[in-house]
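Following: one structure in structure tokens, then a few remarks.
The first residue of the sequence shown is numbered 1, and numbering continues consecutively from there.
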Amino acid sequence: MKVESFKSVLKNFKAVFLDSYGVIKNYNGLIEGVQETIDYIRSQNIAVRILTNDASRSRTQQAESLANAGLCGIKKEEIITSGMMAKHFLEQKILTGKIGYLGTENSAHYILQSGLEHIAVRDIDFNNMDEIAAFVFLDDEGFDWNTDINKTVNLLRHKNIPVIVANSDKLYPISKTHVSVATGGIAKLVESMLSKKFIHFGKPDTQMFNYAFEQLNETGSYSRKEILMVGDTLHTDILGGNKFGLKTTLVLSGNTSADIAELQINSTGIIPDYICNSIVD
């Protein structure tokens, strides 16, 4: 397995799409040296976009969070989230009724701004299920994992409505050795139990890549072969970048560690074009 320096890879591209968690930050906060890397990227006139499956906050909140962590100079327009994609879908497709959700009120306030009333699953009255027009898996906090997930299962057993997954991540690291179940993992479990297919937003699906690509080309002229996708997870960042026709770099600073990278690449068949220890290496 050949591991290259990030700067040697970067020089071949006009733009870079960066995942957030595992690339820019981790469970300890901002990865040391990331500010210098972002400054270097800009000094080379390489465009930057951050593509994150974090649906819990708006772009403004994401930019503020990065600034509070110590990463300066990231504009909200440079951040594309899976929550944005879910929000656009709901605004276009769900015109009447209430939207049920599993997650925090903060996530609901941001994503469910379509003018429709939203209601937490714990507050849904099964005697008035007809008023629920859609359901959204928002994030992995803000609810009781026992009663509210059970209630979600029973609601979706009886109601044939669009179900949106605003964050496709199945898990995320909370320490060097442990992970926690993410929204996408909960949704996948419910999908499996009900034998239904939900509408997933975020990497590896193409909506976020297409949005970032089109937005980038409003500022200049970029072909797909001139853009590098950088991420720490094969099944989301690398698979999504590969499917969209971008060159991809797997970094070993997050979900995929150096000791299991080669095994995971061989077993999944998801092959990055480059491998780097991190974007600061």
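More than 12 heavy atoms of other shown residues, nucleotides or ligands fall within 6.0 angstrom of atom NZ in K151. By the 6.0 Å contact criterion, CG on D259 is enclosed, its count of non-hydrogen atoms from other residues, nucleotides or ligands being greater than 12. Within a 6.0 Å sphere centred on NZ of K7, other residues, nucleotides and ligands contribute 12 heavy atoms or fewer. More than 12 heavy atoms of other residues, nucleotides or ligands lie within 6.0 Å of NZ in K196, so this atom counts as buried by the packing criterion. Residue K159 qualifies as enclosed at atom NZ: its count of foreign heavy atoms under 6.0 Å is above 12. For K76, the NZ atom counts as loosely surrounded, since its 6.0 Å shell holds 12 or fewer non-hydrogen atoms of other residues, nucleotides or ligands. Counting heavy atoms of neighbouring residues, nucleotides and ligands inside a 6.0 Å radius, atom CD of Q215 exceeds 12 of them. For NE2 of H178, the number of neighbouring non-hydrogen atoms (other residues, nucleotides, ligands) closer than 6.0 Å is 12 at most.
Residues L234 and V3 share a single hydrophobic cluster, defined by chaining ILVMFWY side chains whose heavy atoms lie under 4.5 Å apart.
Checking side-chain atoms of K243 against main-chain N and O of T206 turns up no donor-acceptor pair under 3.5 Å. With S253 contributing its side chain and G22 its backbone, the two residues share a donor-acceptor pair below 3.5 Å. Using modelled atom types, one side-chain atom of Q35 and one backbone atom of C72 make a donor-acceptor pair closer than 3.5 Å. Under the 3.5 Å distance criterion, the side-chain polar atoms of S82 are matched with a main-chain donor or acceptor of A166. A donor-acceptor pair under 3.5 Å is formed between the side chain of T37 and the backbone N or O of G33. With hydrogens and angles ignored, the 3.5 Å screen pairs a side-chain donor or acceptor of N242 with a backbone N or O of I271. Although no hydrogens or angles enter the test, the distance criterion places a donor-acceptor pair under 3.5 Å between the side chain of D273 and the main chain of T248. Not a single donor-acceptor pair under 3.5 Å links the side chain of Q92 to the backbone N or O of F89. Checked by atom type and distance alone, the side chain of D139 pairs as donor or acceptor with a backbone atom of T104 at under 3.5 Å. Checking side-chain atoms of T233 against main-chain N and O of H235 turns up no donor-acceptor pair under 3.5 Å.
Summarising the geometry, atom OG belonging to S20 is positioned 4.0 Å from atom NZ belonging to K25; distances are rounded to the nearest 0.5 Å. Separation of atoms CZ (R59) and CD1 (I80) is listed at 7.0 Å; rounding is to 0.5 Å. The line from NZ of K11 to CG of L228 is 13.5 Å long, rounded to the nearest 0.5 Å. L216 contributes atom CG, which lies 4.5 Å from atom OG1 of T219 (distance to the nearest 0.5 angstrom). A distance of 9.0 Å separates CD1 in I227 from NZ in K14, rounded to the nearest 0.5 Å. The CG atom of D148 lies 7.5 Å from the CZ atom of F143; values are rounded to the nearest 0.5 Å.
Ring-plane geometry between Y172 and Y21 is classed as perpendicular, the angle between the planes exceeding 60 degrees on a 0 to 90 degree scale with a lower cut at 30. Classification of the F209-F17 ring pair by plane angle, with boundaries at 30° and 60°, yields tilted. Between Y211 and H88, the ring planes lie tilted relative to each other; the angle falls in the 30° to 60° range.
Exactly one of D237, N26, L252 qualifies for a side-chain contact (heavy atoms from CB on, under 4.5 Å) with D232. That residue is D237.
The aromatic ring centroids of F135 and Y101 lie 6.0 Å or more from each other.
When only modelled atom types and interatomic distance are considered, E191 and H200 share a side-chain donor-acceptor pair under 3.5 Å. Side-chain contact of R57 with S65: a donor-acceptor pair under 3.5 Å is present, judged by distance alone. Counting only N and O atoms by type, the side chains of S223 and E226 include a donor and acceptor under 3.5 Å apart. Side-chain polar atoms of S56 and D54 form a donor-acceptor pair below 3.5 angstrom. Under the 3.5 Å distance criterion, with hydrogens and angles disregarded, no donor-acceptor pair is assigned to the side chains of S168 and N53. For N150 and N146, the side-chain atoms include at least one donor-acceptor pair closer than 3.5 Å. There is no side-chain donor-acceptor pair under 3.5 Å between N266 and E262. Donor-acceptor pairing under 3.5 Å is lacking for the side chains of N68 and E64.
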Please report the C-alpha distance between S278 and D281 in whole Å, then the side-chain angles of each, then the deciding distance to 0.1 Å, and finally whether the side-chain hydrogen bond (donor to acceptor under 3.5 Å, both in side chains) criterion is met. CA-CA 5 Å; S278 72; D281 189 29; 5.6 Å; no
